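Bear in mind that the values here come from a model prediction, so they are computed numbers and not experimental data. For the single chain, residues carry numbers from 1 onward in sequence order.
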Amino acid sequence: MTVGAVLLTGCGTSATQVRLAAAPAITSITTTPTAASPSATPPAGAAAGPSAVAAPKKQLKLGAKGEAVMWLQNRLRELGYRPGKADGRYGGSTLTAVWAFQKVNGIRPTSTIAKRTWTALENPRTPKVLVKNGRPTRAEVNLTKQIMVLYVGGQVKLITHISSGSGVPYCETATWQGKTQRFCGSASTPTGDFKTTWRAKGWHRSYLGQLYNPIFFNGGIAFHGALSVPLYPASHGCVRMPMNVAVELPGLLGKGVPVHVRR
């Protein structure tokens, strides 16, 4: 076979990448109210006011189980985050939602839920608006904080932890369209104003790897689920997100929706 060099901007999860902080796929992301749910919470995106809830204040570490974890999961969901099923188990999906919440609230991301995070859950901040005169329904990607916020009808609908382009130039050899080719690029997620275009359902194979439920918005750059969404920019240029978020996002983010990427 001939080996050619192709300069492209793209993304994907390479099979050789170290899979850090994997967020496992789930079969259900519906939260059912329970006795452990906060008794009174503001709607997602509402301005923080006097404390309306009382957090358990019990220190939690990854792998913890119980009512305090269920309270955490329900509270995160009510604020627009996606911790997965409210099952009282502190696993990967809940962890990435915690990271997103901590980043929005100016807390260094950590897996341990301690006093500062509990206090912020009682009186949460709203995400910084990147485009003040943007459309009521839009997606905003904050590359500095590594979060994505989806607004629907002017209200915060979803907030998630992401991992964007690493910024490290790459050249990788892959078999694509029946030929062995060499792909080179900058691994960057460009800033700017875009719109969602085409999408694929389930696992989609790109020339740089596998993308789950990709929604493209800037050429070959897409939002997509990945098995590795670490606490640093690590992709070839796409916006990686936890698998459970990628399950839900296609039902919330339609075609032609503005996507604003900022630093």
Under the salt bridge (Lys or Arg N to Asp or Glu O under 4.0 Å) test, residues paired with Arg138 that sit two or more places apart: Glu140
More than 12 heavy atoms from other groups under 6.0 Å of NZ on Lys57: yes
Polar side-chain atom of Tyr212 near backbone of Lys201 as donor-acceptor pair, under 3.5 Å: no
Gln155 side chain vs Val152 backbone, donor-acceptor pair below 3.5 Å: no
Centroid-centroid distance, His224 to Trp203, less than 6.0 Å: no
same_hphob_cluster(Leu252, Met148) at 4.5 Å side-chain heavy-atom cutoff: yes
Side-chain donor/acceptor of Thr119 to backbone N/O of Lys115, under 3.5 Å: yes
Within 6.0 Å of CZ in Arg262, more than 12 heavy atoms from elsewhere: yes
Asn218 side chain to Ile221 backbone, donor-acceptor under 3.5 Å: no
Parallel, tilted or perpendicular: rings of Tyr170 and His236 (30°, 60°): perpendicular
For the student: nearest non-hydrogen atoms of Gly91 and Leu62, plus distance: O-CD1, 3.8 Å
Gln73 (side chain) donor-acceptor with Gly88 (main chain) under 3.5 angstrom: yes
Ser235 side-chain N/O to Ser164 backbone N/O, donor-acceptor pair under 3.5 Å: yes
Side-chain donor/acceptor of Ser163 to backbone N/O of Ala234, under 3.5 Å: yes
Heavy-atom closest contact (Trp118 atom, Ile113 atom, distance): CE2-CG2, 3.5 Å
